[in-house]
Asks: 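To start, I am sharing the structure in question, which I have written as structure tokens.
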Amino acid sequence: MAQARISAKACEGAQQPQPQPQQQQSGGQLRGRFYRSTSMADRSSRLLENLDQLELRVEAFRDAASAMEQEKEILLEMIHNIQNSQDMRHISEGEREELNLTANRLMGRTLTVEVSVETIRNAQQQESLLHATKMIDEIVNKLLDDLEDAKMRLMSLYGACTSDVPAGPIDQKFQSVVIGCAIEDQKKIKRRLETLLRNLENSEKSITLLEHQKSSVRQSCNSKQD
């Protein structure tokens, strides 16, 4: 009987679960952490990929808005040129008035569209932009004093903004100022100079045509007197 009780106790001891070694428990925890880290890396990679795609869309959005800004400037310039064209001076007063009403209506509708793309600048870029704008404004304010000299100076400023071989001298000081501007501001400065030069060219054509007409009238008058 004693032997039977001893054997029973031995069997009960064999059936009880043995505690696992501490090393195995620690290993399980390490494996759990490893799997979680892999999952976090996957999530981070997906989020980064989404942000990269959004960055492309943001830049495309800004480019589209900038193109709309340019289109607005072009439309206003074209309407203004029509209103001040020589053809408008050679039609009846009633027709000219009607066309001006239409042009003013189109200009008003164009101005109702507000498009603004802000450029992010640091302090140095902001200072360079103000300096470049001041240099252009100084020439524009003296246009009526000497049209030809103003045109030459504007051409030298434009030559400093283009990568093409300029037709004339380059304003080195203006070039160093423009280089300090933000890339978007450099493009806007170049577009402004292009617009000013086009307007000057149109003005010169108008003046030349007007002088030619005056000369023709004088010759006609002299012929009649003879």
Side-chain angles (χ1 to χ4, degrees), residues 66 68-91 96-97 99-108 110-111 113-117 119 121 125-218:
S66 179
M68 290 182 66
E69 268 189 329
Q70 296 179 43
E71 179 66 11
K72 180 180 179 180
E73 294 173 2
I74 292 171
L75 288 172
L76 292 174
E77 182 183 353
M78 292 175 67
I79 296 170
H80 181 267
N81 289 339
I82 289 175
Q83 288 182 305
N84 294 275
S85 65
Q86 285 294 324
D87 291 337
M88 288 288 281
R89 297 187 178 96
H90 292 86
I91 58 178
R96 183 165 54 251
E97 182 178 355
L99 291 174
N100 275 323
L101 287 174
T102 301
N104 289 332
R105 177 176 60 82
L106 293 175
M107 184 172 291
T110 305
L111 291 172
V113 179
E114 292 291 339
V115 184
S116 178
V117 180
T119 301
R121 312 178 184 92
Q125 291 172 335
Q126 180 68 26
E127 183 179 354
S128 297
L129 175 62
L130 292 175
H131 193 182
T133 302
K134 182 180 179 181
M135 293 177 71
I136 298 174
D137 290 342
E138 288 177 352
I139 299 176
V140 173
N141 293 333
K142 297 179 181 179
L143 276 175
L144 297 178
D145 297 337
D146 192 339
L147 189 64
E148 188 61 30
D149 179 67
K151 180 181 178 182
M152 295 298 297
R153 292 179 63 187
L154 287 174
M155 289 181 65
S156 68
L157 298 188
Y158 179 74
C161 298
T162 179
S163 58
D164 299 332
V165 179
I170 296 177
D171 191 315
Q172 300 290 342
K173 180 180 179 181
F174 184 74
Q175 187 176 53
S176 63
V177 172
V178 172
I179 291 175
C181 296
I183 298 298
E184 292 180 354
D185 289 329
Q186 292 180 19
K187 295 178 181 178
K188 290 181 178 180
I189 290 171
K190 182 180 178 181
R191 288 203 307 270
R192 184 188 178 191
L193 290 170
E194 288 174 344
T195 301
L196 287 170
L197 288 171
R198 277 199 307 271
N199 291 337
L200 280 177
E201 185 177 356
N202 292 334
S203 298
E204 287 182 337
K205 289 180 179 178
S206 298
I207 293 173
T208 302
L209 182 58
L210 183 61
E211 290 297 326
H212 176 72
Q213 290 172 346
K214 289 181 179 179
S215 176
S216 299
V217 170
R218 285 195 296 267

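Along the sequence shown, residues carry numbers from 1.
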Asks: Taking atom CD of Glu127 as the centre, does the number of heavy atoms from other residues, nucleotides or ligands within less than 6.0 Å exceed 12?
Replies: no
Asks: Applying side chain to side chain donor-acceptor pair (under 3.5 Å), name anything that partners Asp137, two or more places apart in sequence or on another chain.
Replies: Arg192
Asks: So which atom in Thr110 and which in Lys72 form the shortest heavy-atom distance, rounded to 0.1 Å?
Replies: O-CE, 3.8 Å
Asks: Write down the atom of Met107, the atom of Ile79, and the distance for their closest heavy-atom approach.
Replies: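 The answer is CE-CG2, 3.6 Å.
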Asks: Taking all non-hydrogen atoms of both residues, which atom of Val117 and which atom of Lys188 are closest, and how far apart?
Replies: O-NZ, 3.6 Å
Asks: May I have the list of side-chain donor-acceptor pairs in residues 168-183 shorter than 3.5 Å, sequence neighbours left out?
Replies:
{"unit_1": "Asp171", "atom_1": "OD1", "unit_2": "Lys173", "atom_2": "N", "d": "3.2"}
{"unit_1": "Asp171", "atom_1": "OD1", "unit_2": "Phe174", "atom_2": "N", "d": "2.9"}
{"unit_1": "Ser176", "atom_1": "OG", "unit_2": "Lys173", "atom_2": "O", "d": "2.7"}

Asks: Kindly compute the distance separating CE (Met135) from CG (Leu157), expressed to the nearest 0.5 Å.
Replies: 6.0 Å
Asks: Give, for atom SG of Cys161 and atom CZ of Arg191, the distance between the pair rounded to the nearest 0.5 Å.
Replies: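 The distance works out to 12.0 Å.
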Asks: Rounded at 0.5 Å granularity, tell me how far NZ in Lys151 sits from CD in Glu201.
Replies: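 These two atoms lie 6.0 Å from each other.
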Asks: Verify side-chain contact (heavy atoms from CB on, under 4.5 Å) between Leu111 and Leu76, making sure each step is shown before the conclusion.
Replies: CA-CA 8 Å; Leu111 291 172; Leu76 292 174; 3.8 Å; yes
Asks: Rounded to the nearest 0.5 Å, how far does CG of Asp185 lie from CG of Leu130?
Replies: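 So the gap between those two atoms works out to 9.5 Å.
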Asks: How about CE on Met78, more than 12 heavy atoms from neighbouring residues, nucleotides or ligands closer than 6.0 Å, or not?
Replies: no
Asks: To check you understand the geometry: which heavy-atom pair defines the closest contact between Arg121 and Leu129, and what is its length?
Replies: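 In this case the closest contact between Arg121 and Leu129 is NE-CD2, 3.4 Å.
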Asks: Check whether any side-chain heavy atom of Glu194 sits under 4.5 Å from a side-chain heavy atom of Leu197, and report yes or no.
Replies: no
Asks: Atom CZ of Arg153 and atom CG of Asp146: how far apart are they, to the nearest 0.5 Å?
Replies: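 Answer for the CZ-CG pair, Arg153 versus Asp146, is 10.0 Å.
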Asks: Do Arg198 and Glu77 sit within salt-bridge range, that is, some charged N less than 4.0 Å from a carboxylate O?
Replies: yes
Asks: In this structure, are over 12 heavy atoms from other groups packed under 6.0 Å from Lys187 atom NZ?
Replies: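 No, not enclosed.
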Asks: Do Ile82 and Asp87 make a side-chain contact, defined as non-hydrogen atoms from C-beta onward lying under 4.5 Å apart?
Replies: no
Asks: Report the distance from atom CD of Glu148 to atom CG of Leu200, rounding to the nearest 0.5 Å.
Replies: 9.5 Å
Asks: Is there a donor-acceptor contact under 3.5 Å from the side chain of Arg96 to the main chain of Ile91?
Replies: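 Yes; at least one donor-acceptor contact below 3.5 Å.
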